Amino acid sequence: MGSKYSVMASLVDVLASLDFETVLDAFSGSGVVAYALKAMGKAVTANDFLTFSATIARATIENSSEQLDSADVARIMGPNADGRDFISRTFRGLYFDAGDLAFLDSAWSHIAHMTGSRRDLALASLCLAAAWKQPRGVFTVTSLRYDDGRRQLRTPLRTLFVEAVKDYNATVFDSGRDHHALCQDIADIPRADFDAVYLDPPYAPPRDDCDYIKRYHFLEGLSVYWQDRPIRYDTMTRKLEKRFTPFAYPRTIREALRSTFDQFRDSTIIFSYSSNAVPDATELMALLKSAKTHVQMIEVPHRYSFGTHAAAQRRQVREYIFVGE
Ligand SMILES: C[S@@+](CC[C@H](N)C(=O)[O-])C[C@H]1O[C@@H](n2cnc3c(N)ncnc32)[C@H](O)[C@@H]1O
């Protein structure tokens, strides 16, 4: 959800037109933008307040050399080393069958003894395998019977894990620069010396909220084996407590944006937002202008509507990229 994957080409064009060396991707999510920045030769700091996102960023952006080898994979796929069964007990009948849940427990019994980038790669791969096997990749649906036709929904998690390791191993490269991955609330990041800051916060919907924990609680728990992540047992989905962020609510988004723009007023700001969220483009422009002198806006069609009539055209979601210099 919210991944920039589908608008990467336009975003890379914008980023390539700007002059900077050091950059913060302040809301890194899947890590796809921070990774593109690494590939563009920039010195990247990726940040996200969710641990599973920060783990992906450590594995793919901070890490420049380590890969999982076949001995690592064989060990993780081996029998449960300590008999742990928290996942099997807690999520029985939810999301995955008993064999898949037992695999997550036994994989963790080995990953618990790993350190550094290899541990990050193993956890990123476990999370990716779990997301692949979940309808639309989100953990709001608990049914074992949902089938959208994807091969992954019928593939054992252990097989998907091996595929995910191959994919994540393939992302590892040395760009010749140092990169960092942080796991902090954006408000706590010091106004450090970044030439540029990329901001892709949650998009506050006009009604409701944009809560990432509601959709990704299982991946967040899996990335730490639910250590210090209390489960709400009153929920069918066994989700975690919400992680408050002012960006997720129409009531608090304006002040959150204003103070974030101010926090990074000494850097070039590249800011992504969507037309189906609040505030609107005019207000966003005014907010960014309160911190930056020169502001421009680029509009990118995000999802194409198949309708041809005018109303359908108007409903098209547009992605805005603002640049403040
Ligand atoms: C729109 S997504 C970013 C998507 C990312 N650019 C990508 O392409 O995958 C927003 C991200 O902001 C993170 N987030 C929300 N509030 C935050 C906060 N206050 N501090 C840091 N990260 C936050 C969420 O965990 C989520 O991963």
Side-chain angles (χ1 to χ4, degrees), residues 1-12 14-15 23-40 44-61 124 127-128 131 137-139 171 180-191 196-205 209-221 223-224 229 239-261 263-264 269-278 284 300 302-303 317 319-322:
M1 187 177 78
S3 168
K4 288 287 93 57
Y5 192 77
S6 61
V7 295
M8 262 330 272
S10 314
L11 186 55
V12 167
V14 172
L15 294 167
V23 59
L24 169 70
D25 179 357
F27 303 86
S28 64
S30 67
V32 66
V33 179
Y35 190 79
L37 288 162
K38 177 178 177 179
M40 291 168 77
V44 184
T45 301
N47 175 68
D48 200 287
F49 77 166
L50 293 186
T51 311
F52 84 91
S53 292
T55 306
I56 295 169
R58 282 199 304 273
T60 58
I61 293 140
C127 285
L128 182 56
V138 297
F139 290 81
T171 67
H180 305 282
L182 309 174
C183 186
Q184 291 184 33
D185 193 298
I186 178 73
D188 299 331
I189 293 192
R191 179 198 290 250
V197 174
Y198 175 62
L199 301 173
D200 185 25
Y203 307 149
D209 63 34
C210 179
D211 174 27
Y212 279 73
I213 280 287
K214 188 159 67 194
R215 294 161 176 95
Y216 294 122
H217 60 93
F218 190 89
L219 304 181
E220 184 65 1
S223 69
V224 290
R229 297 290 189 285
K239 65 183 176 195
L240 303 177
E241 294 293 344
K242 268 188 191 173
R243 179 83 197 263
F244 176 76
T245 175
F247 299 93
Y249 304 90
R251 195 170 35 83
T252 45
I253 179 72
R254 289 173 178 82
E255 176 52 24
L257 289 174
R258 196 204 53 72
S259 75
T260 308
F261 294 155
Q263 186 180 351
F264 298 110
I269 295 176
I270 305 102
F271 164 53
S272 286
Y273 214 64
S274 164
S275 66
N276 63 356
V278 292
L284 292 169
V300 186
H302 196 178
R303 248 168 273 136
V317 177
E319 178 93 16
Y320 305 129
I321 305 170
F322 292 88

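Counting convention: from 1, in listed order, for ligands and their atoms alike. Because the structure is a prediction, the values reported are computed rather than measured.
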Asks: Counting heavy atoms only, which of D48, I213, D200, L199 comes nearest to atom 6 (N) of ligand 1?
Replies: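 Among D48, I213, D200, L199, the closest heavy atom to atom 6 (N) of ligand 1 belongs to D200.
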Asks: Is a donor on one side and an acceptor on the other found under 3.5 Å between the side chain of Y273 and the backbone of V278?
Replies: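 Present.
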Asks: Are any of the N or O atoms of Y198 closer than 3.5 Å to those of ligand 1?
Replies: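 No, since none of the N or O atoms of Y198 sits under 3.5 Å from an N or O of ligand 1.
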Asks: Does atom CZ (R191) have a neighbourhood of more than 12 heavy atoms from anything else shown, all under 6.0 Å?
Replies: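 Count over threshold, so yes.
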Asks: So is there a nitrogen or oxygen of F49 less than 3.5 Å from a nitrogen or oxygen in ligand 1?
Replies: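 Yes; the residue has a nitrogen or oxygen that sits under 3.5 Å from a nitrogen or oxygen of the ligand.
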Asks: Run the numbers for me: atoms of ligand 1, each under 4.0 Å from some heavy atom of S30, listed by number.
Replies: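 Counting from 1, the qualifying ligand atoms are 7 (C), 8 (O), 9 (O).
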Asks: Can you tell me how far apart CZ (F322) and CG (L199) are? Round to the nearest 0.5 Å.
Replies: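 With rounding to 0.5 Å, CZ (F322) is 12.0 Å from CG (L199).
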Asks: Please work out, at 4.0 Å between heavy atoms, whether the side chain, the backbone, both, or neither of P201 comes within that distance of ligand 1.
Replies: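 Within the 4.0 Å criterion, P201 contacts ligand 1 through backbone atoms alone.
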Asks: What are the atoms of ligand 1, with element, lying closer than 4.0 Å to any heavy atom of Q184?
Replies: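 Those atoms are 20 (N), 21 (C).
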Asks: Ignoring hydrogens and geometry beyond distance, is a side-chain donor-acceptor pair present between Y198 and S272 at under 3.5 Å?
Replies: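 A donor-acceptor contact under 3.5 Å links the two side chains.
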Asks: Does only the side chain of S28 get under 4.0 Å from ligand 1, or the backbone, or both, or neither? Count heavy atoms.
Replies: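 Only the backbone of S28 comes within reach of ligand 1.
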Asks: Only heavy atoms count here, so choose which of I56, V7, V32, I186 is nearest to atom 20 (N) of ligand 1.
Replies: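 Looking at heavy atoms only, the winner is I186.
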Asks: Below 4.5 Å, heavy atoms only, C-beta onward: do L50 and I213 meet side chain to side chain?
Replies: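 SC-SC contact between L50 and I213 confirmed.
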Asks: When you look for heavy atoms under 4.0 Å from ligand 1, do you find them on the side chain of Y212, its backbone, both, or neither?
Replies: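 The part of Y212 near ligand 1 is the side chain, not the backbone.
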Asks: Atoms of ligand 1 less than 4.0 Å from L50 heavy atoms?
Replies: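 This gives 25 (O) as the contact atoms.
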Asks: Mark up the atoms of ligand 1 that fall under 4.0 Å of a heavy atom belonging to K4, in ascending order.
Replies: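 Numbered from 1, ligand 1 contributes 6 (N), 7 (C), 8 (O).
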Asks: Nearest heavy-atom pair of E220 and F52: which atoms, and what distance?
Replies: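 The pair with the smallest heavy-atom distance is OE1-N, 3.0 Å.
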Asks: Could you tell me, atom by atom, which parts of ligand 1 come under 4.0 Å of a heavy atom of G29?
Replies: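 Heavy-atom distances to G29 below 4.0 Å select 9 (O), 27 (O).
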Asks: Any sub-3.5 Å donor-acceptor pair from N47's side-chain atoms to Q184's backbone N or O?
Replies: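 Yes; at least one donor-acceptor contact below 3.5 Å.
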Asks: Looking at ligand 1, does R243 have a heavy atom less than 4.0 Å from it?
Replies: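 In this structure, R243 fails to qualify as a contact of ligand 1 - no heavy atom is under 4.0 Å.
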Asks: R229 versus T51: any side-chain heavy-atom pair under 4.5 Å?
Replies: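 A side-chain contact under 4.5 Å exists here.
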Asks: Return the option from D25, T51, T260, T245 holding the heavy atom at the smallest distance from atom 17 (C) of ligand 1.
Replies: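 Looking at heavy atoms only, T245 sits closest to atom 17 (C) of ligand 1.
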Asks: May I ask you to decide if A248's main-chain N or O and D209's side chain share a donor-acceptor pair within less than 3.5 Å?
Replies: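 Pair absent, no side-chain N/O of D209 close to backbone of A248.
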